[in-house]
Amino acid sequence: MAKLVKSKERLSAVEVASFAERKEPVSKLYHDGGGLYLFVDKRSHAASWVFRYTLDGKARTMGLGSFPNVGLAKARKRAEDARRVKSDNVDPVAARKKEKAAKRLAQATAMTFKE
């Protein structure tokens with residue numbers, strides 16, 4: 001499992017809000033630790049959470065949600081869940097797609113034509 005940085009090096013909720021409000025000329029990644037980043041896009045000034053990791057020597061990025069909708073605590077929880085999946089040597093993106101497909105299948109088979 002990825003080592004988290006010390007709490008003094010991690011982002012605070014106030015910093016996250018200020019990063020998202022800045023109108024910077026370049027897109028930036030703000031590191032929180034353990035592969036969790038806040039990505040601020042230079043064009044739209046939108047902020048979103050991403051989890052960056054490597055699996056089998058390939059770099060991957062997994063979106064965790066947009067900043068106003070997903071707060072810092074929830075983003076940390078989602079990144080922790082993704083790290084747990086990755087620790088089993090399973091791609092978190094593939095696992096999430098598989099889970100969504102299973103939910104869609106369950107919803108589709110829940111109602112019959114007779115109902």
Side-chain angles (χ1 to χ4, degrees):
M1 187 179 282
K3 180 182 170 190
L4 291 177
V5 291
K6 298 174 190 168
S7 61
K8 68 180 182 177
E9 296 172 1
R10 296 178 82 182
L11 296 175
S12 70
V14 174
E15 287 175 319
V16 169
S18 71
F19 293 150
E21 292 173 0
R22 291 182 189 171
K23 305 288 189 224
E24 298 195 24
V26 294
S27 297
K28 283 202 171 185
L29 282 172
Y30 297 97
H31 186 249
D32 184 58
L36 177 63
Y37 292 85
L38 178 68
F39 174 72
V40 181
D41 187 16
K42 71 177 180 180
R43 290 184 205 116
S44 64
H45 304 291
S48 60
W49 296 103
V50 293
F51 175 63
R52 297 179 70 185
Y53 61 98
T54 58
L55 191 66
D56 298 329
K58 292 184 179 183
R60 298 289 313 254
T61 302
M62 177 180 178
L64 301 176
S66 63
F67 164 65
N69 299 332
V70 177
L72 179 59
K74 194 171 188 177
R76 285 178 177 163
K77 172 74 172 106
R78 288 182 180 181
E80 180 183 333
D81 294 341
R83 279 191 297 275
R84 192 172 297 118
V85 170
K86 185 187 169 292
S87 71
D88 296 333
N89 208 25
V90 175
D91 187 1
V93 174
R96 183 170 63 180
K97 285 180 182 179
K98 191 175 187 179
E99 184 180 314
K100 284 182 181 181
K103 281 184 182 179
R104 274 187 255 128
L105 180 63
Q107 288 175 348
T109 59
M111 185 178 285
T112 63
F113 286 110
K114 194 173 192 176
E115 291 174 330

Search all heavy atoms of [X] against all heavy atoms of [Y] and return the closest pair with its distance.
X   : Y   : result
L72 : A13 : CD2-N, 3.7 Å
R96 : G63 : NH1-O, 2.7 Å
R76 : L11 : NH2-O, 2.7 Å
S18 : E15 : OG-O, 2.8 Å
P68 : A47 : CD-O, 4.4 Å
T54 : K86 : O-CE, 2.9 Å

Does [X] belong to the same Ile/Leu/Val/Met/Phe/Trp/Tyr cluster as [Y], with side-chain heavy atoms less than 4.5 Å apart forming each link?
X   : Y   : answer
Y37 : Y30 : no
L55 : L64 : yes
V93 : W49 : yes
L36 : V16 : yes
V70 : F39 : no

Worksheet entry | Listed once per pair and sorted, the salt bridge (charged side-chain N to carboxylate O under 4.0 Å, His left out) pairs that draw on residues 41-57, sequence neighbours left out |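 Qualifying pairs, neighbours excluded: none.
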Fill in: salt bridge (charged side-chain N to carboxylate O under 4.0 Å, His left out): pairs with one or both residues in residues 57-73, sequence neighbours excluded
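Every pair satisfying salt bridge (charged side-chain N to carboxylate O under 4.0 Å, His left out) with a residue in residues 57-73: R60-D91.
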Worksheet item: Would you call E80-R84 a salt bridge at under 4.0 Å N-O?
Response: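 Looking at E80 and R84, the cut-off is met.
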Worksheet entry | Close side-chain approach of R83 and F51, heavy atoms under 4.5 Å |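 They are in side-chain contact.
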